[in-house]
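Whatever order the structure lists them in is the order used to number ligands and atoms, beginning at 1. Quantities reported herein were computed from a predicted structural model and do not represent experimental measurements.
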Amino acid sequence: MLRAAYIRFKQLLPRSVRNALSRVNQGLFARRTIERKYGTWFDVDWRKKFRTMPDADWIAAYDAVWQHHHNNCTDETDAAMIITALGGAPHHDSTEQDAKKNAHVQNAHVQSVLEVGCGAGSLAIAMAQAGFRVTCVDVSSEALRKAAHRAQTLAVQGEQTIKHDITWKQGFAEALPFPDKSFDAITCCHTLEHVRDLQTTVQELKRVARMRIVVVVPRQEYRLYAENYHTQFFSTPDQLSSAFGLPRSETRELNYVGRDNEFQDEALLYIGYVE
Ligand SMILES: C[S@@+](CC[C@H](N)C(=O)[O-])C[C@H]1O[C@@H](n2cnc3c(N)ncnc32)[C@H](O)[C@@H]1O
């Protein structure tokens with residue numbers, strides 16, 4: 001309640017005033033406030049060290065996040081928007097071979113999706129429920145365990161078991177464990193801002209995609225101290241589209257201030273069309 005009211009109040013201020021207030025907070029209070037709020041499991045100095053952090057420490061840090069944290073950034077409204085960005089739910093009468101054959105055709109139907117950084121799995125589950133074949137990658141086995149458990153629980157409805165087509169795999173976005181052009185589409189929602197190496201990740205997303213890449217990131221300025229492990233910051237739509245450099249793409253500005261969810265801020269939606 002208090003957090004939502006504070007976020008709403010901040011939105012009334014001009015961006016320049018918000019940025020100035022944030023700089024004061026960063027310099028004087030942020031580090032200590034976050035340390036007090038989270039205790040020892042949260043690494044308040046993440047942005048000072050992430051570039052040289054060994055993979056095992058990265059995995060352990062995100063496992064700790066998922067032991068303490070249970071929320072998704074992507075809710076049902078976002079999932080519906082992302083499914084629309086994928087071109088809509090798949091037609092069940094076409095096969096994977098059809099999709100591969102028609103990948104070059106504009107508006108060809110997406111059937112298979114790789115969800116990169118699936119977290120607790122709400123987008124993956126929504127996409128599977130809509131009929132996509134979904135593969136999920138996340139660096140944290142704790143996140144994957146939670147997501148698989150949720151998918152299993154949601155699949156059992158009364159006497160009936162609804163079969164979802166979801167495969168779970170542990171891995172880094174910077175080194176996706178799949179051959180080139182393995183999936184019709186890639187979704188990467190509230191994850192690109194977490195990766196260690198933006199350029200390598202973008203290359204990997206483009207490498208494994210046949211048709212589309214759909215990305216959601218928070219729209220924000222760099223902050224040294226924050227209650228998250230963000231490493232990449234996107235303050236304008238152009239930053240996102242130039243990171244991908246695809247000849248055909250669209251970027252939309254989203255505003256989630258005041259909604260009742262983990263993520264309540266401004267965001268950017270990017271849809272890139274792979275040739
Ligand atoms: C904020 S969560 C987003 C989860 C989900 N996509 C959502 O929207 O709710 C970011 C996820 O990225 C994962 N992650 C962090 N660094 C990663 C990396 N380099 N490669 C793959 N996943 C990563 C984390 O474990 C976490 O589950």
Side-chain angles (χ1 to χ4, degrees), residues 41-43 46-47 49-83 85-86 113-128 134-151 166 168-178 185-205 207-208 213-220 226-234 254 256 259 261-265 267-270:
W41 71 265
F42 185 81
D43 189 344
W46 184 262
R47 273 176 282 283
K49 45 174 109 147
F50 76 89
R51 281 190 188 81
T52 52
M53 187 172 289
D55 285 357
D57 293 0
W58 194 281
I59 293 168
Y62 275 100
D63 278 343
V65 167
W66 283 109
Q67 276 153 17
H68 289 85
H69 204 80
H70 311 283
N71 300 333
N72 289 286
C73 292
T74 306
D75 70 4
E76 288 112 29
T77 315
D78 301 317
M81 174 189 74
I82 289 157
I83 289 169
L86 290 171
V113 182
L114 174 67
E115 155 65 340
V116 178
C118 64
S122 60
L123 175 58
I125 294 166
M127 291 193 295
V134 182
T135 302
C136 290
V137 165
D138 200 288
V139 86
S140 161
S141 54
E142 186 62 25
L144 292 166
R145 190 186 60 74
K146 272 196 170 141
H149 177 72
R150 268 183 83 201
I166 314 183
W168 310 97
K169 195 153 179 102
Q170 189 181 14
F172 277 83
E174 291 89 340
L176 292 170
F178 307 103
I186 315 299
T187 54
C188 186
C189 299
H190 294 282
T191 295
L192 199 61
E193 69 274 23
H194 286 264
V195 301
R196 181 163 38 202
D197 186 329
L198 179 63
Q199 236 187 339
T200 312
T201 301
V202 165
Q203 273 164 11
E204 280 294 89
L205 302 186
R207 181 182 67 76
V208 299
I213 299 172
V214 177
V215 173
V216 177
V217 289
R219 179 180 188 162
Q220 55 186 191
E227 297 176 27
N228 55 54
Y229 286 163
H230 295 182
T231 51
Q232 315 297 331
F233 294 83
F234 303 91
L254 310 171
Y256 290 128
R259 78 168 174 176
N261 191 40
E262 161 81 4
F263 181 73
Q264 308 177 12
D265 215 327
L268 298 167
L269 166 72
Y270 170 84

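Ring centroid separation for the pair His68 and Phe42 does not come in under the 6.0 Å cut-off.
Considering only heavy atoms from C-beta on, Ser122 comes within 4.5 Å of Arg150 through its side chain.
Protein residues lining ligand 1, listed by chain and number: Trp58, Tyr62, Trp66, Asn72, Cys73, Thr74, Glu115, Gly117, Cys118, Gly119, Asp138, Val139, Ser140, Gly171, Phe172, Ala173, Glu174, Cys189, His190, Thr191, His194 [non-hydrogen atoms, distance under 4.0 Å].
For the 3.5 Å distance criterion, the side chains of Gln220 and His230 qualify, holding a donor opposite an acceptor.
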Salt bridge (Lys or Arg N to Asp or Glu O under 4.0 Å) between Asp57 and Lys49, worked out:
CA-CA 11 Å; Asp57 293 0; Lys49 45 174 109 147; over 6 Å; no
Test salt bridge (Lys or Arg N to Asp or Glu O under 4.0 Å) on Arg145 and Asp63; report intermediate values, then the result.
CA-CA 10 Å; Arg145 190 186 60 74; Asp63 278 343; over 6 Å; no
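Using a distance-only test at 3.5 Å, with no hydrogens or angles considered, no donor-acceptor pair links the side chain of Glu142 to the main chain of Gln67.
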